[in-house]
Structure formats: C-alpha cells, structure tokens
Amino acid sequence: RTRQGDLPSEIWEKVKNHPCYSEEAHHHYARMHVAVAPACNIQCNYCNRKYDCANESRPGVVSEKLTPEQAVRKVLVVATAIPQMTVLGIAGPGDALANPAKTFKTFELVAKAAPDIKLCLSTNGLALPDHIDTIVRSRIDHVTITINAIDPEIGAKIYPWIFFSHKRYTGIDAARILTDRQLQGLEMLSERGILCKVNSVMIPHINDQHLVEVNKAVKARGAFLHNIMPLISAPEHGTVFGLNGQRGPTAQELKTLQDACEGKMNMMRHCRQCRADAVGLIGEDRSAEFSTDQIMKMG
Ligand code: SF4
Ligand code: SF4
C-alpha cells in the first residue's frame with residue numbers, strides 16, 4: 001500500500017501530499033483535472049470517443065473542454081476556493097500527449113501563475129518518448145502511463161489501431177509499437193527522476209492473467225506504483241470486445257489480482273476513476289460547482 005513505511009524516503013517526500021499516490025493524503029488533499037486535450041492517437045476497445053478517456057476516467061462522462069487560458073483561470077479560482085488543492089492533472093478527455101501544444105501551454109501558464117501546485121500528466125504512452133525533455137522542463141512531477149499489455153498478441157485484442165508517424169497501424173504491428181513506446185517512455189522518465197505510476201485496465205479473459213507480467217515489467221523499468229482498475233462495462237460506453245459483449249471483473253477478481261501483484265510493488269487501491277474535469281477530494285466530485293460558465297462569470 002502507499003504508506004510511508006513502504007516507500008524510500010525521497011519518494012515519500014514527493015508523494016505525501018498527492019491524493020492519488022498516498023492513501024493517507026487522499027483524505028486531506030484535493031486534486032483537479034482540466035479537460036484541455038480532446039484528440040487521441042490510438043483506439044482502445046473500451047473507449048467511446050463521445051466520452052472522456054477511459055484510461056483514467058469513469059466511462060460515460062463528458063467533460064467540458066477548455067482552452068489553456070480558460071484552464072488556468074479555472075485553476076486559480078479553484079485554488080482560492082479549495083486551499084487543499086495541491087495537484088493539477090491533465091488526463092483527457094482524449095490523450096494529453098496527442099494534444100501537446102494545449103497540454104504544455106496549460107502547464108506553462110499554471111506553473112507561472114501558481115508555482116506551488118504540482119503538475120501531473122496521464123497518457124497512453126504512444127507519444128511519450130518524444131516529449132521527455134519537455135516534461136522535465138515543464139516541471140511535471142508525476143506521469144501516469146496506461147499499460148494494459150506487454151504481449152502484442154494480447155495488446156491486439158485491446159487496441160484495434162494506433163496512429164503513429166503519420167500512419168495508421170492495426171493488429172499486432174500496432175500493439176507492438178504501442179508497447180515498445182510505453183516501456184521506452186517509462187524507462188526514460190525513470191532515468192530522469194520523474195515519478196511514474198502505471199494504470200492497467202483489468203479485462204476478464206483478455207489481460208487478467210497477463211497483468212501479473214505487466215506488473216513485473218513496469219516495476220523493472222522504475223514505475224513506483226501500479227493501479228489496476230476494473231473495466232467498467234456498459235455496451236453504450238463502447239466495450240466492443242466480442243459479439244457477446246465484455247463483462248468487467250468482480251470485486252473479488254480485482255482484489256485477487258491486486259493481492260497477487262502486492263509484495264512485488266506498491267499497489268494503488270483507492271483510485272476512483274475520476275472524470276477529466278474532476279475537482280475536489282478523491283471520491284468527492286465538485287466539478288459542477290466550477291463549470292466554465294461560472295468561472296468565466298467570475299472574471
Ligand atoms: Fe479512449 Fe483514452 Fe484509449 Fe484514447 S487512450 S482511445 S481516449 S480510452
Ligand atoms: Fe487519482 Fe485515480 Fe482520480 Fe486519477 S483517476 S485523479 S489516479 S483517483
């Protein structure tokens with residue numbers, strides 16, 4: 001578990017006020033997401049583009065998209081209203097790094113206007129190796145990479161296509177490129193001292209057994225926390241794994257897998273799969289209080 005005793009002290013210092021990374025902090029510190037990143041560069045079988053990126057978020061939620069300028073305004077309003085707000089994340093509604101100009105502009109503006117707020121970024125990892133220097137320069141503290149498979153045969157069942165280097169790839173080729181880029185990005189960030197968490201979506205009969213291998217691979221490349229999240233299955237949200245639909249895991253199946261990985265590395269168990277415009281303590285969503293309309297009215 002993410003408690004002080006389990007982590008080296010230099011890592012604990014970096015995560016103790018981060019509500020996602022420290023189980024203790026999530027009762028006391030708040031985070032917010034700003035939805036500045038609409039596009040995505042891959043297709044996951046569990047995603048419906050009408051809704052937020054399902055790698056971090058609850059399916060079926062539509063966040064209000066913001067420009068970087070609107071986003072920084074919102075951050076300043078929220079930081080005044082909720083002083084425990086310590087972390088700003090960009091996690092969609094598409095992929096943060098498929099929208100690098102908007103994502104990094106937002107971080108730059110926030111770092112200038114509110115230098116105490118910690119910055120974090122979530123990505124599917126495809127574009128990650130191209131942005132390592134910018135991430136370091138932007139003083140981003142934490143990165144989350146969603147890695148659902150390291151075996152391209154399994155990955156091909158999860159990702160029908162990716163768009164990479166001006167080209168669309170499908171099947172095993174697509175999955176192989178994605179896996180290579182994710183693991184390479186993770187290694188590069190670890191080498192530069194950026195804390196990395198890995199998210200995995202547990203999909204029964206597709207990657208459930210395999211996630212133990214994913215756990216070992218990401219640990220070996222420096223991830224400090226693994227967050228295995230259940231697939232939340234609802235056909236209208238876009239779970240297209242087969243003709244008969246795809247169920248999510250039961251709470252017991254999820255716990256058994258988390259237990260199997262525990263001991264090998266820290267497991268996150270309090271993730272609430274927040275929306276791309278979430279505001280507040282984890283589990284307490286105050287996004288409706290801070291809609292774009294209201295923020296803009298506040299001047
Ligand atoms: Fe959807 Fe996120 Fe996958 Fe992109 S990375 S297809 S937004 S779930
Ligand atoms: Fe934290 Fe999980 Fe919410 Fe992201 S989705 S802000 S990791 S609790």
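Order of listing sets the numbers, starting from 1, for every ligand and every atom in it.
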Backbone or side-chain N/O/S of Cys44 under 2.8 Å of atom 3 (Fe) of ligand 1: yes

Pair Asp259 + Lys255, salt bridge at N-O below 4.0 Å: yes

Shared hydrophobic cluster for Val87 and Ile117 (ILVMFWY, side-chain gaps under 4.5 Å): no

Side chain Gln182, main chain Asn124, donor-acceptor under 3.5 Å: yes

Ser165 (side chain) donor-acceptor with Lys167 (main chain) under 3.5 angstrom: no

Check ion pair Glu108-Lys112 (N to O, under 4.0 angstrom): yes

Taking atom 5 (S) of ligand 1 as the reference point, the nearest protein heavy atom with its distance: Asn55 ND2, 3.1 Å

Nearest non-hydrogen protein atom, atom 4 (Fe) of ligand 1: Cys40 SG, 2.3 Å

Residues Asn148 and Tyr159: side-chain donor-acceptor under 3.5 angstrom: yes

Cys47 near atom 4 (Fe) of ligand 1: N/O/S under 2.8 Å: no

Shortest protein heavy-atom distance from atom 8 (S) of ligand 1, along with the residue and atom involved: Ala54 N, 3.2 Å

Contact check, Asp95 vs ligand 1, heavy-atom distance below 4.0 Å: no

Closest protein heavy atom to atom 2 (Fe) of ligand 1, given as residue, atom name and distance to 0.1 Å: Cys53 SG, 2.3 Å

